[in-house]
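Since the structure comes first, as structure tokens, the remarks are kept for the end.
Chain letters run A, B, ... following the sequence lines, proteins first, then strands; residues in each count from 1.
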Amino acid sequence: MREVRVRDTMSGELCLLDPDREVGIYACGPTVYSRIHIGNARPFVIFSLLAGFLRSEGYQARLAINVTDINDKIYTAAAEAGVGSETLAAEMTAAYFEDTGRLGIGRPDAEPLATETIGPIVELIETLVEDGHAYESGGDVYFSVRSFDGYGKLSHRPTEEMEQGEDDAGSLKRDRLDFALWKGQKAGEDSAWDSPWGPGRPGWHIECSAMAEAELGELPFAIHGGGSDLVFPHHENELAQSEAARGRALAKIWMHNGMIETDAAKMSKSDGNIFQLSEALDRFGPEAVVSYLISGHYRQPLAFGEEQLNEAVARVDRLRNFLRSREDTGQSLDAAGGTVAGAALEDFRDALADDFNTPMAMSIAFDLVRRANQEDVPGAGAALLEMLDLVGLGSLAMADVEEPEPEALELLGDREAARADRDFARADEIRDRLAELGWEVRDSTEGATLVPRQER
RNA sequence: GGCGCCUUGGCGGAGUGGCUACGCAGCGGCCUGCAAAGCCGUUUACACCGGUUCGACUCCGGUAGGCGCCUCCA
């Protein structure tokens, strides 16, 4: 078990994870009012892979990624589309599960929905009201920011300079800093839940406090994550609510991923410069999308463009070709302990243990590939496959599960015969024919083989 | 204006006080009947100006430019 460190947004320090306790990770998932874009996939991938890596190191990890399916934007989008808000939310939740499922990196341990956590949400608000950290006003309930001393410590902002823009129209707040925990049902809103303050729905931040607690147990859990655009106000408010209600920190470490950018500007639904995850998967394939998402350090912004995805395709092809050339991908690495391959794997894991440095890790993987293509490196295939499993690319080893059909094999034999006769025109003709059937011919000193052409 | 971050070779993107990550693309070779795959080489990059240091791309200060949040947002 390695010492694993992660950068904490609040302190700015690298923090060691406690190996003796469950590593509870809560990452903020999407608000389901439309299909998710590739930027939304970044935290899903990062936190899923992190949890998997921790498990592989022997940690007890539990990952929860929520779905926010109650939100102003959902009402607005549903009204525009002429469907019920609950219908839209259900459709988009299903689409989110489908799109992220296609990434091929598994699912989080828990994926709570706000609509299924209403009870705990109401209880949490009641606690805050009882303790004087929240107050009811005209069917709404607001959190009293000034009742909580530490407000602003996560996003490093002086309290005096800020305000919560949300809900200003109603102006039922006592203080401009306060934010809504519960919103009474308004005209035109087609869904509502019962509460001690009348029918309504949770505000934006409270659902995460409640879901995190429900899924990960006693506070504080180890890591709270999400996009860096959530630091303020979303996470600042979550932190305040939970800490005010429980008298304990919500999370030990706050871990935020950088934004995906097009032309040096953040990809954002509201700006319209988005590229949907489903389209990226359709056009470039899941491995390339994952490879792209781990190509930069998670905290940094990552440039997005067709060129970047095409590069990812090329990277993944190189890895796939290498695995294809190895006979040892199925064997255990134990036989190669202490070797070049074993050392590379150790380095790879070290990189991940150091603030989850995936680009550093991948450079080690590519280094191994080159060395093993140059000379005999026992266990290189097994080592690489183990590396790739850790970053969600293990499926690259399964590229050739389909055997060529008899027709293709017959053509390959014909081509070999043509080559033996030095009838290269015919040989090339057959190669083109095989390409049409979906096979690429690779000649080598041991003879010709067929590999599936990568289509996407 | 406040808080934070960034500026690396054609592109993407790591990293370190002294040993030219890695990937992609281009170019030139090797291999091949030709390709593909693979290998080798490739014009020696760290915004600018000072400072610290035996030595800085890496530390400190400043300048310029860019980005994020401060309003919904992964």
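Defined by atom type and a distance below 3.5 Å, a donor-acceptor pair is present between the side-chain atoms of R315(A) and S291(A). Checked by atom type, the side-chain pair S191(A)/E86(A) shows no donor-acceptor distance below 3.5 Å.
Remark: S147(A) engages H133(A), S144(A) in a side-chain contact (heavy atoms from CB on, under 4.5 Å) (not counting sequence neighbours). Partners of S11(A) according to the side-chain contact (heavy atoms from CB on, under 4.5 Å) rule, which considers only residues two or more places apart in sequence or in another chain, are D8(A), E13(A), C15(A). In terms of the side-chain contact (heavy atoms from CB on, under 4.5 Å) criterion, residue partners of P359(A) (sequence neighbours excluded) are, by chain and number, H297(A), N357(A). Not a single side chain to side chain donor-acceptor pair (under 3.5 Å) links Y96(A) to another residue, sequence neighbours left out. Scored by the ring pair (Phe, Tyr, Trp, His ring centres under 6.0 Å) test, H235(A) finds H224(A), W254(A), H256(A) as partners (sequence neighbours excluded). Residues passing the side-chain contact (heavy atoms from CB on, under 4.5 Å) test with R174(A) are Y135(A), D178(A), sequence neighbours excluded.
The nucleotide whose nearest atom lies closest to any side-chain atom of K269(A) is, among rC70(B), rC39(B), rA74(B), rA74(B). Side-chain proximity of R442(A) to rA74(B), rG23(B), rA36(B): nearest is rA36(B). Comparing rA37(B), rC70(B), rC72(B) by their closest approach to the side chain of K73(A) singles out rC72(B). Looking at the side chain of D229(A), the nearest of the listed nucleotides rC40(B), rC70(B), rA74(B) is rA74(B). Of the candidate nucleotides rG38(B), rA74(B), rG2(B), rG2(B) has the atom lying nearest to any side-chain atom of R157(A).
If you check every strand for non-hydrogen atoms under 4.0 Å, N321(A) touches sugar and phosphate atoms only. Residue contacts for H37(A): at a heavy-atom cut-off of 4.0 Å it reaches a base atom on one of the strands shown. Residue-level contact check: G258(A) touches the bases, meaning some heavy atom is under 4.0 Å from a base atom. Residue V441(A) is classed as a base contact, given a heavy-atom separation below 4.0 Å to a base. In this structure, N257(A) reaches the bases: a heavy-atom distance under 4.0 Å links it to at least one base atom across the strands shown.
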Polar atoms only, N or O, under 3.5 Å: list the protein pairs with nucleotides 31-34 of chain B and their distances.
from	atom 1	to	atom 2	distance (Å)
rG33(B)	N7	R419(A)	NH2	3.4
rG33(B)	O6	R415(A)	NH2	3.2
rG33(B)	O6	R419(A)	NE	3.4
rG33(B)	N1	D428(A)	OD1	2.9
rG33(B)	N2	D428(A)	OD1	3.4
rG33(B)	N2	D428(A)	OD2	2.7
rC34(B)	O2	R431(A)	NH2	2.7
rC34(B)	N3	R431(A)	NH1	3.0
rC34(B)	N3	R431(A)	NH2	3.4
rC34(B)	N4	D443(A)	OD2	3.1

Scan nucleotides 10-15 of chain B against the protein and return all N/O pairs shorter than 3.5 Å with their distances rounded to 0.1 Å.
from	atom 1	to	atom 2	distance (Å)
rC11(B)	O2	E311(A)	OE2	3.2
rG13(B)	OP1	A303(A)	N	2.9
rA14(B)	OP1	H297(A)	N	2.7
rA14(B)	O3'	N357(A)	ND2	3.3
rG15(B)	OP1	N357(A)	ND2	3.0

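We find that CZ of F366(A) is positioned 11 Å from P of rC39(B), with the value rounded to whole Å. If you take NE2 of H156(A) and C1' of rG68(B), they are 15 Å apart, rounded to a whole angstrom. Following rounding to the nearest Å, H205(A) (NE2) and rU71(B) (P) show an atom-to-atom distance of 11 Å. One can place CG of D350(A) at 14 Å from P of rU16(B), the figure rounded to the nearest angstrom. What separates CD of E440(A) from P of rA37(B) is a distance of 7 Å, to the nearest Å. Rounded to an integer number of Å, the gap from CD of E306(A) to P of rA25(B) is 16 Å. The interatomic distance linking W254(A) (CH2) with rA74(B) (P) rounds to 16 Å, in whole Å. For L230(A) and rC70(B), the CG to P distance is 10 Å, given to the nearest whole Å.
Of the residues in residues 41-51 of chain A, those with a non-hydrogen atom less than 4.0 angstrom from any atom of RNA chain B are P43(A).
Proximity of F179(A) to V145(A): side-chain heavy atoms (C-beta onward) are separated by under 4.5 Å at one or more points. Using a 4.5 Å cut-off on side-chain heavy atoms (C-beta onward), T68(A) and E207(A) make contact.
Mapping A314(A) and R371(A) onto RNA chain B by nearest heavy atom places A314(A) closer to the 5' end of the strand.
Salt-bridge check for E98(A) with R102(A): failed, with every basic side-chain N at 4.0 Å or more from each acidic carboxylate O. At a threshold of 4.0 Å, the pair D72(A)-K186(A) does not count as salt-bridged, since none of the basic side-chain nitrogens sits closer than that to a carboxylate oxygen.
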Output a table of donor-acceptor pairs, distance under 3.5 Å, between side-chain atoms of residues 25-33 of chain A and any protein atom two or more places apart or on a different chain; print 'none' if there are none.
from	atom 1	to	atom 2	distance (Å)
Y26(A)	OH	N66(A)	OD1	3.2

Let me check something: any side-chain donor-acceptor pairs from residues 373-395 of chain A under 3.5 Å, sequence neighbours excluded? List them with distances.
from	atom 1	to	atom 2	distance (Å)
N373(A)	ND2	V369(A)	O	3.3
E386(A)	OE2	R349(A)	NH1	3.3
S395(A)	OG	E287(A)	OE2	2.7

**Fill in**
Its dot-bracket string being built from Watson-Crick and G-U pairs below 3.5 Å, with | for another strand and [ ] for crossing, RNA chain B has the pattern (((((((..(((.....[...))).(((((.......)))))....(((((..]....))))))))))))....
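Other residues, nucleotides and ligands contribute at most 12 non-hydrogen atoms within 6.0 Å of the CG atom of D149(A).
A sub-4.0 Å separation between OP1 or OP2 of rC69(B) and a side-chain N or O of K266(A) is present.
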